[in-house]
Amino acid sequence: MKTMAQITHWADVTAGEALKLSNKHLVATGITPSGHIHIGNMREVVTADAAFRALLGKGADAELIYIADTFDPLRKVYPFLPESYAEHVGKPLSQVPCPCGECKNYADHFLKPFFGALEKLGIRPKVYLADELYKSGAYTQAIKTALAKRDEIANIIDEVTHKTTADDWSPFNPICTGCGKINTTKVTGFDADAETVDYTCSCGHSGTVPMSGGGKLTWRVDWPARWGILGVTVEPFGKDHASRGGSYDTGKRISREIYGYKTPYPIVYEWIMLGKKGAMSSSTGVVVSISDMLKVVPAEVLRYLIIRTKPEKHIQFDPALPLLNLVDEYEKLHYKTEITEYESTVIKLSHASGICHTDIPFKHMVTIYQAARGDIDRIMKIVARAGYNTDNEKCIRELAENVGNWLEMYAPPFAKFSVQEEVPVHAATLTGVQKAFLSAFSNIINESGELTGEDYHNLVYSAKEADSKLHSAIVQMPGVGAGELEIDPKDMFKAIYISILGQQSGPKAGWFLSSLEKDFLVRRFMDASTYKP
RNA sequence: GGGCUCGUAGCUCAGUCAGGCAGAGCGUCUGGCUUUUAACCAGACGGCCUAGGGUUCAAAUCCCUACGAGCCCGCCA
């Protein structure tokens with residue numbers, strides 16, 4: 001039986017295994033920018049970064065790279081694209097126009113926000129764009145080899161996948177110079193010396209393209225070719241590539257038998273499931289984009305979500321209330337004074353440099369934000385009164401923005417409250433004692449100077465003390481029996497919440513009241529005490 | 001059809017590689033903070049470790065079978 005203190009974090013296990021093979025490592029990660037890059041994709045990058053950091057932590061000579069598959073074809077007209085994109089289906093993403101018209105191309109449109117997110121997550125890989133790699137000639141030698149060993153490669157694929165590749169199959173897909181598409185061409189021949197490939201296209205065009213930039217290797221060959229070209233030694237990938245007969249299986253053999261390169265150490269990771277909706281996927285529309293998430297939670301919490309779970313376990317992700325618990329858990333871990341080695345590793349791996357911290361818990365801000373009705377000046381006042389550090393206003397603003405976005409985008413109804421414009425109809429349920437309390441409470445507040453949260457709090461509780469000013473005021477109200485009157489502060493709190501929010505409960509009453517205008521409270525409590533439906 | 005991964009408290013998951021008393025956080029309940037109902041603290045409740053078989057002095061852990069969830073064998077992480 002192992003105790004928590006003895007558990008080794010998965011990233012350290014991976015790094016340890018990798019170090020047995022070599023001290024120099026290139027951790028690779030890659031995503032096809034065919035649509036909005038979502039939380040699921042983020043797992044790939046964060047997993048790679050974790051392995052990278054763990055390697056550095058163990059003294060390895062390590063590098064992290066990211067390859068954007070910008071040369072892959074546009075598969076179909078995705079739901080978020082206009083119908084006019086039908087003509088671009090089949091063209092490499094780097095040659096398809098940008099949907100917003102402001103980026104260099106289609107791939108760039110989705111990569112830009114993704115790189116922004118990487119920056120926030122504290123991940124700084126060396127970036128390669130696949131189309132540039134091909135155009136630079138980096139792949140040329142690998143393409144020549146693949147074309148020359150076409151039959152061997154086809155054999156490997158047939159053996160591993162138990163399928164039969166077509167007779168006209170080629171590891172290389174030329175881009176038609178006529179229609180610009182990459183998935184409609186057939187290779188008819190090649191010239192190793194001139195480094196060119198001949199093809200025909202279903203559009204009727206035929207011609208010759210250079211190996212550098214004139215097309216790309218098919219995925220199952222591209223991947224192992226890339227390992228050798230860049231020197232990849234560690235790579236995380238989704239479980240889709242990992243199963244028997246999948247591209248890692250064929251890649252392993254192609255890498256070894258065709259390119260003579262040792263297979264990178266694999267990190268297979270599971271999918272992120274969104275609530276009860278199932279796996280995250282661009283095509284089914286079950287998607288939460290990374291940029292959306294970063295509007296809502298600090299980057300470190302997002303890292304923590306992935307770091308704390310072993311890659312082979314699926315992650316149940318729910319941006320509603322469970323997200324709040326996640327944030328809470330992370331904050332607690334972060335401020336814990338005595339931590340185990342395991343926890344220390346988790347914190348290190350979750351850390352994103354350049355992120356500012358406030359000492360205000362996310363959950364608390366959820367209440368402050370709503371009490372302040374989203375007004376930043378009021379938020380700052382409440383925060384100061386609550387005794388938090390207000391030196392870093394920018395940080396607090398960021399947190400407040402996150403919370404505001406969360407409330408708007410994901411918060412479940414019961415986490416929300418709003419100060420009602422008029423006396424809520426629920427005031428009809430107030431008892432005689434509650435009304436008497438509200439009336440007396442209103443008078444006393446009116447006569448007092450500025451009250452602090454604690455003052456309000458103590459004032460409410462004083463209602464049960466027979467010799468208090470509030471208690472005698474209540475007893476003297478018409479309709480309330482004098483003499484032995486038992487007052488339960490709980491009912492008084494309820495009366496307060498009903499008059500202001502129209503609900504039975506609410507945020508801690510003292511400072512909640514102190515965050516609202518005094519005049520408003522005086523008027524509202526009086527109105528509620530005389531409420532007639 | 002063939003294969004991969006996962007299944008542990010109401011929820012999210014450690015623990016499985018290397019067998020040795022069933023664990024944590026959240027939630028719930030109770031109490032405390034010489035009285036803050038959504039911030040704090042303590043305690044309690046909570047389990048056929050998906051089911052069945054096998055190996056073993058000993059199984060959540062190893063082996064076999066079944067069931068459930070997700071995925072792959074066609075370029076969706």
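Quick note on labels: first sequence line is chain A, next is B, and so on, each numbered from 1.
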Task: P spacing across the pair rG52(B) / rG15(B), given as an integer number of angstrom - done: 25 Å

- [ ] Counting Watson-Crick and G-U wobble pairs whose two distances are both under 3.5 Å, find the runs of 3 or more in a row that involve RNA chain B.
- [x] B:1-7 with B:67-73, B:10-13 with B:23-26, B:28-32 with B:40-44, B:50-54 with B:62-66

Task: C1' atoms of rC62(B) and rA18(B), separation to the nearest Å - done: 11 Å

Task: Partners passing side-chain contact (heavy atoms from CB on, under 4.5 Å) against Val346(A) (at least two apart in sequence or in another chain) - done: His9(A), Tyr304(A), Ile307(A), Leu333(A), Tyr342(A), Ser350(A)

- [ ] Going by the salt bridge (charged side-chain N to carboxylate O under 4.0 Å, His left out) test, name the single residue among Arg43(A), Arg303(A), Lys348(A) that passes it with Asp49(A).
- [x] Arg303(A)

- [ ] For rG19(B) versus rG74(B), give the span between their C1' atoms, rounded off to a whole number of Å.
- [x] 43 Å

- [ ] Look at the side-chain N and O atoms of Lys310(A) and state whether any lies under 4.0 Å from the OP1 or OP2 oxygen of rU16(B).
- [x] no

TODO: Mark yes or no for whether Glu235(A), through its side chain, and Pro264(A), through its backbone, hold a donor-acceptor pair below 3.5 Å.
DONE: no

Open item on the list: Quick test of your reading: applying salt bridge (Lys or Arg N to Asp or Glu O under 4.0 Å), list the pairs with at least one residue in residues 31-41 of chain A, sequence neighbours left out, ordered by first then second residue.
Closed with: none

TODO: Between rG32(B) and rU37(B), how far apart are the C1' atoms? Round to whole Å, please.
DONE: 16 Å

Open item on the list: Please classify the nucleic acid contact of Thr32(A) as base, sugar-phosphate, or nothing, using heavy-atom distances under 4.0 Å.
Closed with: sugar-phosphate

TODO: Please measure how far the C1' atom in rG25(B) lies from the corresponding atom in rA69(B), and state the result in whole Å.
DONE: 24 Å

Open item on the list: Measure CG/Leu513(A) against C1'/rA38(B) and give the value in whole Å, please.
Closed with: 14 Å

Task: Atom pair distance, as rounded to whole Å: CD1 in Ile67(A) and C1' in rC75(B) - done: 15 Å

Open item on the list: Testing the 3.5 Å rule here: is there a donor-acceptor pair between the side chains of Trp10(A) and Glu312(A)?
Closed with: no

Task: Phosphate OP1/OP2 of rA14(B) contacted by Arg308(A) side-chain N/O (<4.0 Å) - done: no

- [ ] For Tyr330(A) and rA24(B), give me the distance from atom OH to atom P, rounded to whole Å.
- [x] 24 Å

- [ ] Pick base, sugar-phosphate or nothing for Lys494(A), based on heavy-atom distances below 4.0 Å to the nucleic acid.
- [x] base

TODO: Kindly write out the residues that satisfy ring pair (Phe, Tyr, Trp, His ring centres under 6.0 Å) with Tyr265(A), not counting sequence neighbours, or none if the list is empty.
DONE: none

Task: Ile315(A) CD1 to rA14(B) P, straight-line distance once rounded to whole Å - done: 10 Å

Open item on the list: Please give the distance between the P atoms of rU36(B) and rU50(B) as a whole number of Å.
Closed with: 43 Å

Open item on the list: The criterion is side-chain contact (heavy atoms from CB on, under 4.5 Å); which residues satisfy it with Ala400(A), sequence neighbours excluded?
Closed with: Met365(A), Tyr369(A), Ile376(A), Ile379(A)

Open item on the list: Just to verify, what does His457(A) make a ring pair (Phe, Tyr, Trp, His ring centres under 6.0 Å) with, not counting sequence neighbours?
Closed with: Tyr461(A)

Open item on the list: Could you tell me how far rU16(B) sits from rC49(B) if I compare only their C1' atoms? Round to whole Å.
Closed with: 11 Å

TODO: For Phe417(A) and for Thr309(A), locate the closest nucleotide of RNA chain B by heavy-atom distance; then report the residue assigned to the nucleotide nearer the 5' terminus.
DONE: Thr309(A)

- [ ] Taking all heavy atoms of Glu331(A) and all of Ile360(A), pick out the closest pair and write down the distance.
- [x] OE2-O, 4.1 Å

Open item on the list: Counting only side-chain heavy atoms from C-beta out, which of rA14(B), rU36(B), rC75(B) sits nearest to His457(A)?
Closed with: rU36(B)

- [ ] Go through the side-chain N and O atoms of Tyr139(A) and Asp222(A) and say whether any donor and acceptor fall under 3.5 Å apart.
- [x] yes

Can you pull every protein N or O that's under 3.5 Å from an N or O on nucleotides 26-33 of chain B?
unit_1	atom_1	unit_2	atom_2	d
rC26(B)	OP1	Lys332(A)	NZ	2.7
rC26(B)	O2'	Asn325(A)	ND2	3.4

- [ ] Map Leu501(A) and Ser247(A) onto RNA chain B by nearest heavy atom, then report which one ends up closer to the 5' terminus.
- [x] Leu501(A)

TODO: Can you sort out the partners of Ala130(A) under side-chain contact (heavy atoms from CB on, under 4.5 Å), two or more places apart, ordered by chain and number?
DONE: Asp69(A), Thr70(A), Phe71(A)

Task: Touch class at under 4.0 angstrom, heavy-atom based, for Gln503(A) against every strand present - done: base

TODO: Would you please say whether a donor-acceptor pair under 3.5 Å links the side chains of Trp227(A) and Thr263(A)?
DONE: no

TODO: Find the distance Ile496(A):CD1 to rU36(B):P and express it as a whole number of Å.
DONE: 15 Å

TODO: Taking atom types as modelled, find out whether Ser247(A) and Arg220(A) have a side-chain donor-acceptor pair closer than 3.5 angstrom.
DONE: no

TODO: Could you tell me whether the side chain of Arg75(A) has a donor or acceptor atom within less than 3.5 Å of a complementary atom in the base of rC76(B)?
DONE: no

Open item on the list: By the 4.0 Å heavy-atom rule, please label Tyr456(A) as base, sugar-phosphate, or nothing.
Closed with: nothing

Give each protein N/O atom lying under 3.5 Å from an N/O atom of nucleotides 43-47 of chain B, with the pair distance.
none

Open item on the list: Would you measure the distance from the P atom in rG54(B) across to the matching atom in rA59(B) and give it in whole Å?
Closed with: 12 Å

Look for any protein N or O under 3.5 Å of an N or O in nucleotides 4-11 of chain B and output each such pair with its distance, or none.
unit_1	atom_1	unit_2	atom_2	d
rU5(B)	O2'	Glu312(A)	O	3.1
rG7(B)	OP1	Lys313(A)	NZ	3.0

Task: With Phe114(A) via ring pair (Phe, Tyr, Trp, His ring centres under 6.0 Å) - residues at least two apart - done: Tyr66(A)

Task: Distance, rounded to the nearest Å, where Leu324(A) contributes CG and rG25(B) contributes P - done: 19 Å

- [ ] Answer with base, sugar-phosphate or nothing: what part of the nucleic acid does Asn173(A) contact at a heavy-atom distance below 4.0 Å?
- [x] base

Open item on the list: For Ala495(A), give me all partners under side-chain contact (heavy atoms from CB on, under 4.5 Å), at least two apart in sequence or on another chain.
Closed with: Leu430(A), Gln434(A), Phe437(A), Leu438(A)

Task: Separation of rA38(B) C1' from Lys416(A) NZ (nearest whole Å) - done: 16 Å

Open item on the list: Taking the ring centre of each residue, are His88(A) and Tyr85(A) less than 6.0 Å apart?
Closed with: yes

Open item on the list: Heavy atoms from C-beta onward define the side chain here; which of rC75(B), rA38(B), rA39(B) lies closest to that of His364(A)?
Closed with: rA39(B)

TODO: Using whole Å, report how far OH of Tyr342(A) lies from C1' of rG25(B).
DONE: 12 Å

